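Everything numeric in this text was worked out from a predicted model, so none of it was measured.
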Amino acid sequence: MRFRVRVQLKPGHIRVPTFSNATASCLHPLPLPSITFWILITQFIHSFLMTFSTLSPFSLHLLFNRNRPSSSVHLRRTSTSPPYLRHKFTVPKLRTVSSVLQTNDGVSSDSDSCSTEPRSLSNDVKIVAVVGEGAVSPLKSASWLDVMSHTAGRLKWIDDKYEMLVFTDNISKSNPNVQNLQKLFSTANILLIVSVTKQEAVEYIQRYSQNIPNIICFDSSPALENKLGGSFVQVEQKSSIFSKFDKKTKETKELAETISEAWVRNNSDDIRFCLLIIINAYIKPVPVLKNLRAQGFSTLNCMVKNCGRQVLNCLLDPNCRKALQCLNQCSPVDQVCNYQCIASYESPILEEFSLCVLQKHNCLDLDAKIPEKPYVPPMVNFRGQVLSHEIAEDLFIGWLGNLEWSWRVIAGQNPAYDQFPCQNQLFYRGKARGSFWYEPVFQVKTLDGKLVWRRRKYRVKRGKVAGTFYFSVLDNGVVSNEYWTIVDVSEDFSWGLFHYSGAARVAGQSYTGAVLVSQDGEYPNEMEKDRLYSALDRCCIKEWELFAVDNCSCEGAPLGLPEGSRLHMTVKPDDCK
């Protein structure tokens, strides 16, 4: 049985039982911020139809999630990684990756450039995480200690006052840190338990966590109970969804299901999201979730008043109707399912609808800004020269001229936008003076199993600092703006790392990500390992967050440049020979 999430909660459709082990979900998401727009479009058209056909009461769900997996495509993290990118990353003990860390060895006092300085534990959001000592996560076999440590820092990108402390389950009387953990239990808002099965640790948690209002357990002893907003969430059997609730049954069930599905997507964004929706529901409003609340009939009124023709055209068009029928079978937050419907049945009429409802009239009354964190500095020098705007543009242009593309994407960090097969990047100077363009060309798998090519076009403008750029695109009727940084490019152009932060204002969505690129989509060689790790570290990204891109069957891409396009001005790959 499936439940839909109330509009005040961040999305996620759930399938896993006890916040416990589940295989990684899979996805082939769009490397552009348009999937969630289609989710919105579907919801509004569906609501419109329901309202006027009296099939059910009007119900509007604003459900966003850039990290949408699907069970239809295997999400590959390691299949093409070189050996040096397959080893398990470890966080040195007594060092904080991005927040205050508490392990069985004590509290760390170090700070990391990827986060703000740790604050006192008097903050109103206090999270304690207990993970199994040596327990391995599904994220490229990184330890849960590493993953939770990184999550602690990523929470601070949302709010400096969020504190998360991480312990292992080495809870023994001889461990002097146990007393400190007991004190933290007395003031924590949230207790996150992962892979804890030791009887001594289980009994300790049961004894001292009774006053913690929110407890979520994954892959742990069945004796440990989940609790949300003070209500216990019990599970009758492994194959069931949450079944018994003491109070606020419906709301608790919906939130529990949202957390459950987000967790099994097995990526750092959704792990953080699990905590954010608990904070938002039971502790304090989370700013980045403010756009997830529906506007009710005011939205419908805006649609009817301003976009009646576009709505009617969509209902009368066979392709648009098929898209709606297909989309109605998807979970409203399953981005892969939704986009597969669009890829199979998309039409200009459906695009006109989104352009009217979202971009022109902002019927959702939403707003979003490009995230300011993490701050990622651009590279400073290239081949002994101080990086200039001209050199930076040449680095983007990359192999274009020698090859038909600038770069091919090897892997990406954002689990919803960096994963499509055969991502060819085309960067070039336009015919007009000072103009610069970016056109990604990538594959999408349709519902009938066909691989089709898609191409988008971004306008690119220089940032204030060389190596930074502002991108903008009108994609499926909605404008997205992004801030890109050239983090590093090797002197021989064998690989590069580009970071981006973006926002689709009228869709109320912001996001971050990074792409690792090379000449042919293959990982750089072993000699580049240290430099690559350093570049990832400057992005506040761990290697286990990267998803490999399938570059196996990339023939027939619709490449080529507009007439009058110009390429390199200062540097190019051939220069280093």
Validation row: Leu403, Gln519 side chains within 4.5 angstrom (heavy atoms): yes
Taking every non-hydrogen atom, the tightest pair across Tyr511 and Ala504: CE2-N, 4.2 Å
Got more than 12 heavy atoms from elsewhere within 6.0 Å of CZ, Arg459? no
Distance from Asp520 atom CG to Tyr523 atom OH, nearest 0.5 Å? 13.0 Å
Could you check whether any side-chain heavy atom of Lys431 comes within less than 4.5 Å of a side-chain heavy atom of Pro562, counting everything from C-beta outward? no
What residue among Phe427, Phe471, Tyr458 forms side chain to side chain contact (heavy atoms under 4.5 Å, CB included) with Phe436? Phe427
N/O donor-acceptor pair under 3.5 Å between Arg531 side chain and Val489 backbone: yes
Are more than 12 heavy atoms, taken from residues, nucleotides or ligands other than Lys457, located less than 6.0 Å from that residue's NZ atom? yes
Student check: side-chain heavy atoms of Arg408 and Cys554 closer than 4.5 Å: yes
Please round to the nearest 0.5 Å and tell me the distance separating atom CG of Leu139 and atom CD of Glu543. 10.5 Å
How long is the straight-line distance from CG of Asp146 back to OG of Ser137, given to the nearest 0.5 Å? 8.0 Å
Judged by atom type as modelled, is there a donor-acceptor pair below 3.5 Å linking the side chain of Lys156 to the main-chain atoms of Asp160? yes
At their closest point, which heavy atom of Lys572 faces which heavy atom of Phe493, and how far apart are they? C-CE1, 3.8 Å
In short, Phe498 meets Gln425 closest at the heavy-atom pair CE1-OE1, 3.7 Å
Give a yes or no on whether the backbone of Thr512 and the side-chain of Asn414 come within a donor-acceptor separation of less than 3.5 Å. yes
Does the side chain of Pro524 come within less than 4.5 Å of Ile410's, by heavy atoms? yes
Would you say Ser534's side chain and Asp530's backbone share a donor-acceptor pair under 3.5 angstrom? no
On a heavy-atom basis, which atom in Ala548 and which in Ala411 lie closest, and how many Å separate them? CA-CB, 4.1 Å
Heavy-atom donor-acceptor pair, Trp407 side chain to Phe396 backbone, under 3.5 Å: yes
Taking it one step at a time, do Val311 and Leu315 satisfy side-chain contact (heavy atoms from CB on, under 4.5 Å)? CA-CA 6 Å; Val311 172; Leu315 300 179; 4.3 Å; yes
Asn319 side chain to Ser347 main-chain N or O, any donor-acceptor pair under 3.5 Å? no
Considering only heavy atoms from C-beta outward, does the side chain of Ile486 approach that of Trp484 to under 4.5 Å? no
Min side-chain heavy-atom separation Asn267-Phe547 under 4.5 Å: yes
Can a donor-acceptor pair be found between the side chains of Trp495 and Glu528 at a distance below 3.5 Å? yes
Backbone N/O of Cys422 and side chain of Asn424: donor-acceptor pair under 3.5 Å: yes
What distance do Gln413 atom CD and Leu497 atom CG have between them, rounded to the nearest 0.5 Å? 10.5 Å
Do Gln359 and Ser354 pass the side-chain contact (heavy atoms from CB on, under 4.5 Å) test, and can you show the C-alpha distance, the side-chain angles, and the key distance before you say yes or no? CA-CA 7 Å; Gln359 192 61 46; Ser354 63; over 6 Å; no
Under a plain distance cut-off of 3.5 Å, with no hydrogens placed, do His150 and Glu545 share a side-chain donor-acceptor pair? yes
Are the aromatic rings of Tyr428 and Tyr438 close, with centres under 6.0 Å apart? no
Student check: side-chain heavy atoms of Leu155 and Leu276 closer than 4.5 Å: yes
Look at the side chain of Asp475 and the backbone N and O of Val479, then say whether any donor-acceptor pair between them is shorter than 3.5 Å. no
Salt bridge or not between Arg429 and Glu393? Use side-chain N to carboxylate O under 4.0 Å. yes
Find the distance between CZ (Phe382) and CE (Met379) and round it off to the nearest 0.5 Å. 6.0 Å
Of all heavy-atom pairs linking Thr485 and Val376, the shortest is CG2-O, 3.6 Å
Show your reasoning for whether side-chain contact (heavy atoms from CB on, under 4.5 Å) applies to Leu474 and Arg456. CA-CA 9 Å; Leu474 178 65; Arg456 302 290 187 262; over 6 Å; no
With the side chain counted from C-beta on, respond yes when Leu395 and Leu387 share a heavy-atom pair under 4.5 Å apart, and no when they do not. yes
Please step through side-chain contact (heavy atoms from CB on, under 4.5 Å) for the pair Leu567 and Leu561, ending with a clear verdict. CA-CA 10 Å; Leu567 301 180; Leu561 299 178; 4.0 Å; yes
Nearest 0.5 Å, what's the CG-SG distance between Leu516 and Cys539? 10.0 Å
Kindly say whether Arg272 contributes a backbone atom to a donor-acceptor pair with the side chain of Arg154 at under 3.5 angstrom? no
Does Arg455 count as lying over the ring of Trp453, i.e. NZ or CZ under 6.0 Å from the six-ring centre, within 45 degrees of the axis? no
Ion pair Glu390/Arg462, N-O distance below 4.0 Å: yes
Smallest heavy-atom separation, Ser494 atom then Ser518 atom, equals O-CB, 3.2 Å
Give a yes or no on whether the backbone of Val515 and the side-chain of Gln423 come within a donor-acceptor separation of less than 3.5 Å. no
Ring centroid separation Tyr470 to Tyr483 under 6.0 Å: yes
For residues Glu439 and Trp437, is any side-chain donor paired with an opposing acceptor at under 3.5 Å? no
Cys302/Cys363 sulfur atoms closer than 2.5 Å: yes
